[in-house]
Amino acid sequence: RPAVMNAFELISTSQGLNLGVLFEK
Amino acid sequence: CCDLDLHKQPKGLEDPEILARETVFSVSEIEALYELFKKISSAVVDDGFINKEEFQLALFKTSQKESLFADRVFDLFDTKHDGILGFEEFARAISVFHPNAPIDDKIEFSFQLYDLKQQGFIERQEVKQMVVATLAESGMNLSDEIIESIIDKTFEEADTKHDGKIDKEEWRSLVLRHPSLLKNMTLQYLKDITTTFPSFVFYSQVDD
């Protein structure tokens, strides 16, 4: 349930923070 | 036909040994990382630097997307603050994301990432701005009431000094209690970089 989620947990799922994409061929 | 100088390092990769010494990468890994750098930095202008457009293109496959976080990450990588990333800046910043990088470096980097205004603390308004941006980027829709309650709960837990902001010490104890908050600070890909970008062997200076 989103109401108990940590805000930073939510933020860290942001697409712009997924640098793994850089390494995908 | 060719005047190949096999001992000459490519531009931007003049001193892989120094970079290897000062990061968690081996010389071979630095050389392999340079292959990735070349690919990203030549996408729009082949000038040996990654500009913001190229960075966005590599992250999102489009340069049109607006992303608060891509901008923030780029600015943190850009330690010379000149709007472009040279290989050294890129390698030093990416090193923090290596599985073997010290956790303190990851904590520091993530704190700076979220300290949007770079005031030395994360304030409520910044957290709200980031939550709203994340939701917009991912196409999720939450009511303002739910967003406020998520932030309330987060501050209840993180802001142990009850001054309405999260300082570095509070951030550190929060992420040590919730290691999942640092999940995006580690890229497992970096362990296999020499196999992902094997072409570095054509000019490699080392056998490791």
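Residue numbers begin at 1 in each chain, while the letters A, B, ... track the order of the sequences.
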Atom [atom1] in [X], atom [atom2] in [Y]: separation rounded to 0.5 Å?
{"X": "Leu22(A)", "Y": "Ile40(B)", "atom1": "CG", "atom2": "CD1", "value": "4.5 Å"}
{"X": "Ile122(B)", "Y": "Ile11(A)", "atom1": "CD1", "atom2": "CD1", "value": "8.5 Å"}
{"X": "Phe55(B)", "Y": "Leu19(A)", "atom1": "CZ", "atom2": "CG", "value": "5.5 Å"}

Under a 4.5 Å cutoff for heavy-atom pairs, which residue among Lys39(B), His178(B), Lys65(B), Arg72(B) has the most contacts with chain A? Lys65(B)
Can you tell me which of Leu113(B), Asn184(B), Leu135(B) forms the most heavy-atom pairs within a distance under 4.5 Å of chain A? Asn184(B)
Give me the atom names and distance for the closest heavy-atom approach of [X] to [Y].
{"X": "Phe8(A)", "Y": "Leu174(B)", "answer": "CD1-CD2, 4.0 Å"}
{"X": "Ile150(B)", "Y": "Asn6(A)", "answer": "CG2-C, 4.1 Å"}
{"X": "Gly16(A)", "Y": "Val73(B)", "answer": "O-CG2, 4.1 Å"}

Where does [X] contact chain A at under 4.5 Å (heavy atoms): side chain, backbone, both or neither?
{"X": "Met185(B)", "answer": "neither"}
{"X": "Val127(B)", "answer": "both"}
{"X": "Glu145(B)", "answer": "neither"}
{"X": "Lys183(B)", "answer": "neither"}
{"X": "Phe97(B)", "answer": "side chain"}
{"X": "Leu68(B)", "answer": "neither"}
{"X": "Leu33(B)", "answer": "side chain"}

Within-4.5 Å side-chain heavy-atom neighbours: Tyr114(B) and Ser12(A): yes
Should Glu9(A) and Ser180(B) be marked as a side-chain contact (heavy atoms from CB on, under 4.5 Å) after you check the CA-CA gap, both sets of side-chain angles, and the distance that decides it? CA-CA 7 Å; Glu9(A) 227 162 275; Ser180(B) 67; 3.9 Å; yes
Residue [X] excluded, over 12 heavy atoms near [atom1] under 6.0 Å:
{"X": "Asp82(B)", "atom1": "CG", "answer": "yes"}
{"X": "Lys117(B)", "atom1": "NZ", "answer": "yes"}
{"X": "Gln119(B)", "atom1": "CD", "answer": "yes"}

Looking only at heavy atoms, which of residues 187-197 of chain B get nearer than 4.5 Å to chain A? Leu187(B), Tyr189(B), Leu190(B), Ile193(B), Thr196(B), Phe197(B)
